[in-house]
Every structure is written in C-alpha cells, then in structure tokens.
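Input: a single structure, listed below in structure tokens.
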Amino acid sequence: WSQLEHSVRTGQPAFQSLSGMSVWEYRAERPEESAIFDRWMTANTETVNDVIAGTYDFSRFAHVVDVGGGSGSLIAAIVRAHTDVQGTLFDQAHVVEDVEIDGVDVIGGSFAADSDPPTPTVLTTAVADMQTAYTDAAGRPTPMFLNLAGGAIGGLTLAPGLYKWTSTVTIPSDITI
C-alpha cells in the first residue's frame with residue numbers, strides 16, 4: 001500500500017515501483033513463489049473448467065488457444081469434452097516448461113515483450129475497435145478469406161476482412177495487419 005499514490009498518479013503497477021521489475025519478471029526469478037501462484041490459479045479454475053467446457057460449444061472451432069492458461073487445466077477440459085478440437089496452451093516459458101497435455105500444443109513465450117504499457121485511452125480505443133470488428137464480422141454471412149495460405153500465415157500482410165480457417169493456423173514469423 002505504500003506505493004498506492006504512485007499507481008493512482010501514474011496508472012502503473014505499484015509492484016514495479018517497489019521492486020524494479022514486473023510481477024512476471026519477479027516470479028520468473030523466484031520459481032518457488034511462481035509455483036505457489038500457479039497452484040493457486042489452477043485451484044481457482046479447476047472447479048469450473050468442466051462446466052465451461054461442457055456448457056460452451058467449443059466444437060464449432062477447429063482450434064482453441066488458451067493464452068495465459070498456466071498449467072492448462074481449462075484447455076485440457078476443452079479438448080477432453082470436444083475431441084475434434086485442437087488445443088494450444090500459451091504461457092510464459094517457466095510456467096509451461098513441464099506441462100504435457102494430450103491433444104494440446106504447449107508453447108512458452110512472452111505475451112508482450114516489446115509493447116508500451118497501455119493507457120486508459122489506448123485500452124478504450126482497442127475495446128471499441130474489437131467491438132466494431134466483432135459486430136462487422138458477425139453480420140457477414142461468409143468469410144472473405146477462407147483457409148488463407150493453408151494456415152501458414154507467417155510473413156504475410158493481412159488485408160482488412162473476415163478470415164476463417166478450418167485447420168491449424170501457424171505464425172512462425174511476423175505478420176502485418
């Protein structure tokens with residue numbers, strides 16, 4: 001609480017001001033504390049994973065990606081309940097280094113290694129843009145681009161439009177939107 005004023009004035013997390021690093025960098029350097037956090041997050045979600053996987057119709061998707069999914073308990077429940085769905089778990093490398101789940105590709109990486117911290121204006125604009133894009137896409141009867149490049153879209157420039165793939169999409173290199 002000693003850095004609450006800093007957070008209120010700057011919009012930045014107090015943790016970084018106090019420790020000189022992000023909470024994620026802190027946990028990466030302290031595997032024991034990170035493991036405690038990971039177990040807590042898993043315990044909080046395990047009670048609802050089967051309900052989510054059984055209630056929502058994930059079968060309409062060929063591929064579901066769980067970003068920040070920790071040990072992968074949710075994506076595991078989804079691929080168990082929907083056997084035709086391919087799953088991908090993406091979280092920080094130290095979080096997923098020992099994770100293995102049948103039917104799920106496990107990838108370790110960084111969520112936003114080089115991005116600027118979001119501001120309220122940027123977040124509001126991004127949310128409005130996503131809402132506009134969703135409303136536009138939902139109103140289109142068919143996609144403009146179907147199975148572009150067979151799902152291997154690394155290195156491509158994607159034009160505005162509605163895209164749909166019926167197979168796995170891979171992005172081994174940068175794309176331009």
Side-chain angles (χ1 to χ4, degrees), residues 7 12-16 18-19 21-118 122-123 126-127 129-131 133-134 137-138 143 147-148 150-154 162-175 177:
S7 292
Q12 300 297 312
F15 192 92
Q16 183 144 359
L18 284 167
S19 66
M21 64 181 76
S22 75
V23 68
W24 306 112
E25 292 166 326
Y26 179 88
R27 287 191 185 115
E29 291 181 5
R30 293 163 180 81
E32 302 83 21
E33 292 180 35
S34 182
I36 292 168
F37 175 79
D38 294 341
R39 284 193 304 271
W40 176 76
M41 291 297 291
T42 298
N44 277 329
T45 61
E46 279 187 339
T47 59
V48 296
N49 288 338
D50 288 331
V51 173
I52 293 169
T55 304
Y56 187 81
D57 182 16
F58 287 97
S59 66
R60 61 192 179 125
F61 303 109
H63 197 152
V64 175
V65 179
D66 187 355
V67 177
S71 65
S73 59
L74 175 59
I75 194 69
I78 292 169
V79 298
R80 272 194 316 270
H82 305 277
T83 56
D84 291 337
V85 172
Q86 171 65 40
T88 296
L89 170 64
F90 182 87
D91 209 317
Q92 295 179 72
H94 74 277
V95 172
V96 298
E97 66 187 350
D98 296 324
V99 174
E100 291 182 25
I101 304 168
D102 288 339
V104 176
D105 295 323
V106 179
I107 301 171
S110 176
F111 301 141
D114 299 323
S115 67
D116 292 327
V122 170
L123 289 175
V127 169
D129 288 349
M130 286 188 295
Q131 290 169 334
Y134 176 81
N147 295 319
L148 179 68
I153 62 172
L162 181 61
Y163 294 78
K164 179 179 180 179
W165 288 272
T166 57
S167 63
T168 300
V169 174
T170 59
I171 309 173
S173 60
D174 291 347
I175 61 170
I177 300 175

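Values below: every heavy atom of this structure, side chains too, minus hydrogens, waters and symmetry copies.
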| task | Indicate yes or no for a side-chain donor-acceptor contact from Trp165 to the backbone of Gly150 under 3.5 Å, with no hydrogens or angles considered. | result | no
| side chain to side chain donor-acceptor pair (under 3.5 Å) involving Thr168 - partner list, sequence neighbours excluded | none
| note | For Asp57, the side chain to side chain donor-acceptor pair (under 3.5 Å) test, sequence neighbours excluded, returns Ser59
| message | So does Pro172 get a backbone contact from the side chain of Thr170, meaning a donor-acceptor N/O pair under 3.5 Å? | response | no
| message | Going by side chain to side chain donor-acceptor pair (under 3.5 Å), name the residues that satisfy it together with Asn49, two or more places apart in sequence or in a different chain. | response | Ser73
| said: With side chain to side chain contact (heavy atoms under 4.5 Å, CB included) as the criterion, how do Thr166 and Asn147 come out once you've worked through the C-alpha distance, each side chain's angles and the decisive distance to 0.1 Å? | reply: CA-CA 7 Å; Thr166 57; Asn147 295 319; 3.2 Å; yes
| Which residues share a ring-ring contact (aromatic ring centres under 6.0 Å, His included) with Tyr26, sequence neighbours left out | Phe15
Indicate every side-chain donor-acceptor pair of residues 60-69 with a distance under 3.5 Å to a residue at least two apart or in another chain.
{"unit_1": "Arg60", "atom_1": "NH2", "unit_2": "Tyr56", "atom_2": "OH", "d": "2.3"}
{"unit_1": "His63", "atom_1": "NE2", "unit_2": "Thr88", "atom_2": "OG1", "d": "2.5"}

| remark: For Ala53 and Ala77 the tightest heavy-atom approach is CB-O, 3.5 Å
| Main-chain N/O of Thr42 paired with Thr45 side-chain donor or acceptor, under 3.5 Å | yes
| task | Just grab all the side chain to side chain donor-acceptor pair (under 3.5 Å) pairs involving residues 94-104, residues at least two apart or on different chains. | result | Ser34-His94
| task | Under the side chain to side chain donor-acceptor pair (under 3.5 Å) rule, collect the residues that match up with Arg80, sequence neighbours excluded. | result | Asp50
| request: Can you tell me which residue pairs pass the salt bridge (Lys or Arg N to Asp or Glu O under 4.0 Å) test with a partner in residues 22-40, sequence neighbours excluded? | output: none
| field | For Gly70 against Asp91, the heavy-atom pair lying closest together | value | N-OD2, 2.7 Å
| Shortest non-hydrogen contact from Phe58 to Ile52? | CE1-O, 3.7 Å
